[in-house]
Number of protein chains: 2
Amino acid sequence: MSKTSGSMQSGRRMNADAEHARVIPEATASRLLGYLRVLNEYSFGRIVCSRDLALAAGVDAAKLRRDLSFLGNYGVRGVGYDVATLTAEISIALGAHTAHRVALVGVGNLGQALAGYSGFAGHGFQLVALFDADPEQVGRTTAGLQVNDIADAATVLAERQATIGIIATPAGAAQSVAELLVAAGVRSILNFAPCLLEVPGDVHLRQVDLGLELQLLAFHANSRPTDLAHVIAEIRSSS
Amino acid sequence: MSKTSGSMQSGRRMNADAEHARVIPEATASRLLGYLRVLNEYSFGRIVCSRDLALAAGVDAAKLRRDLSFLGNYGVRGVGYDVATLTAEISIALGAHTAHRVALVGVGNLGQALAGYSGFAGHGFQLVALFDADPEQVGRTTAGLQVNDIADAATVLAERQATIGIIATPAGAAQSVAELLVAAGVRSILNFAPCLLEVPGDVHLRQVDLGLELQLLAFHANSRPTDLAHVIAEIRSSS
DNA sequence: CTCTGTGAACTCTTTCACAGCC
DNA sequence: GGCTGTGAAAGAGTTCACAGAG
């Protein structure tokens with residue numbers, strides 16, 4: 001997002017050490033997670049070929065092989081990939097082995113859906129704190145955690161040491177919540193509030209906008225028939 | 001490349017290169033929705049320049065101008081864009097004027113969060129049916145609608161004529177729900193279940209995976225320090 | 001002068017196709 | 001034969017920088 005500063009003097013030196021190409025492109029990273037999910041359904045010790053794995057993951061084989069090639073050469077030509085090895089390598093590459101302590105702000109419907117998300121603990125995430133501004137919610141227990149007052153965020157977070165924050169509050173509250181989280185040392189934020197957040201450059205921010213997704217879907221639903229109607233109208237008017 | 005705005009009369013051939021500005025790239029479409037949201041906070045009749053609008057929308061000015069250029073030439077050089085005109089043009093381009101009838105399946109926490117989503121009605125979406133498989137939920141009322149049994153989907157959907165479906169069920173139920181929706185005439189599906197759906201080619205599918213977003217965030221949280229260390233090491237070794 | 005619209009360069013991503021290994 | 005890994009080409013998206021309108 002932000003301009004990655006100086007490429008003025010580009011590094012002509014590639015391969016200083018050449019352990020392996022460590023840079024995993026953004027697009028690849030998101031698919032690797034998908035492969036990992038699919039791999040979990042194969043038994044360890046099995047061998048799987050790119051075509052089958054790709055089919056199961058909903059991508060095409062060439063793309064999958066290209067993606068995996070960023071990790072190194074873990075396939076065997078003429079054979080395929082060992083499920084156990086591949087699982088391990090992807091996990092390592094994505095850092096899925098390290099645990100993350102997560103604080104969730106806003107325990108409305110969306111927040112509770114997130115708190116109850118089953119894939120949470122399963123993938124190295126530990127929910128360590130819940131917050132809300134609503135006195136009605138504060139003190140209640142969800143997902144085995146008591147909801148704290150957002151006003152106490154500084155103290156609670158200092159104690160619980162979260163590194164990831166999830167914002168599931170109304171848009172109006174999101175910015176101040178983000179600031180609280182950042183002040184408490186959170187360096188990665190997943191924001192579900194439909195608004196733009198300002199955060200320091202060293203904080204990684206990810207935005208998920210449910211309304212926007214719906215509108216994009218509608219756009220595609222529209223544009224296809226509309227294009228057609230448009231073409232038809234043109235043909236008609238020209239005759 | 002593109003000129004437009006003249007109601008240029010094209011020939012009867014569809015390959016005539018008359019109407020250019022019609023193809024909006026995917027990446028641009030998603031940002032246009034963002035601009036629309038920001039524009040709502042300006043008063044109609046005002047003029048806004050690309051720099052300001054871009055700042056408010058969180059993109060850079062050149063990108064914004066490029067995006068808007070896909071719509072046609074609605075800006076005035078040396079001046080800026082008229083808020084009212086721009087709002088209208090973006091809405092038209094995105095088809096935000098047409099209403100969409102939405103069916104939502106799964107009224108658990110996530111489903112209720114979606115049902116209660118405020119930006120729903122505000123942007124041409126009308127929730128027309130709610131479904132769940134849980135007898136506990138069936139019959140309850142959320143967001144002004146009674147929850148129907150998913151078993152009755154065919155009948156209810158035939159009557160309510162939804163064009164967009166939202167799946168907010170557990171992963172295991174998603175595929176069969178998708179098939180029900182498709183059979184009932186739904187041609188656009190927004191899927192929140194963390195699984196791959198198989199749908200016919202003419203059905204537009206959009207996937208939102210909350211767990212995946214979280215894991216991607218964690219990936220960046222992990223990889224950034226490493227990247228940095230790597231860059232530093234390179235700089236050091238080269239000087 | 002300010003600000004838009006866009007060619008051109010650039011970077012990121014996908015796709016093809018085939019060499020090389022089993 | 002089957003399959004991986006990857007150069008090379010194609011495509012999508014971004015950024016630069018400037019001509020030209022007001």
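Within the 4.0 Å cut-off from OP1 or OP2 of dT14(C), at least one side-chain nitrogen or oxygen of R31(A) is found. The shortest distance between the side-chain N/O atoms of K63(B) and the OP1/OP2 oxygens of dG13(D) is not below 4.0 Å. Of the side-chain N and O atoms in Y81(A), one or more sit less than 4.0 angstrom from OP1 or OP2 of dG5(D). Between R66(A) and dT13(C) there is no side-chain polar atom (N or O) within less than 4.0 angstrom of OP1 or OP2. Contact between the side-chain N/O atoms of S50(B) and the OP1/OP2 oxygens of dT4(C) is found at a separation under 4.0 Å. OP1 and OP2 of dT6(D) both lie 4.0 Å or more from every side-chain N or O belonging to R65(A).
For the pair V203(B)/L181(B), no side-chain contact is recorded, criterion being any heavy-atom separation below 4.5 Å from C-beta on.
Atom OH in Y74(A) sits roughly 19 Å away from atom P in dC21(C) (whole-Å rounding). In this entry the distance linking CG of L86(A) with C1' of dG5(D) reads 14 Å, nearest Å. Here the P atom of nucleotide dG11(D) and the CD atom of E26(B) are 18 Å apart, to the nearest Å. Here the P atom of nucleotide dG20(D) and the CG atom of N73(B) are 15 Å apart, to the nearest Å. When the C1' atom of dT4(D) is taken as reference, atom CZ of F70(A) falls 15 Å away, rounded to whole Å. Atom pair L64(A):CG and dT13(C):C1' shows a separation of 15 Å (rounding to whole Å applied). One interatomic measurement links the two molecules: CG of L53(B) to C1' of dC3(C), which rounds to 13 Å at whole-angstrom precision. Between R51(B) atom CZ and dC16(D) atom C1' the separation is 17 Å, expressed in whole Å.
Between the side chain of E198(B) and the backbone N or O of Q175(B), no donor-acceptor pair lies under 3.5 Å. In this structure, the side chain of Q215(A) does not engage the main chain of L210(A) through any donor-acceptor pair within 3.5 Å. Proximity of a side-chain donor or acceptor of Q207(A) to a complementary backbone N or O of C195(A) within less than 3.5 Å is detected.
Taking only side-chain atoms of R77(B), from C-beta outward, the nucleotide of dT4(D), dG13(D), dG20(D) with the closest atom is dG20(D). With dT15(C), dG13(D), dT4(D) as the candidates, the nucleotide lying closest to the side chain of D60(A) is dT15(C).
In terms of position on DNA chain C, the residue among A62(A) and A27(A) whose nearest nucleotide sits closer to the 5' end is A27(A). Position along DNA chain C of the nearest nucleotide to D67(A) versus L68(B) favours L68(B) as the more 5'-ward residue.
Between D209(B) and R37(A) there is a salt bridge, since at least one side-chain N of the basic residue sits less than 4.0 Å from a carboxylate O of the acidic one.
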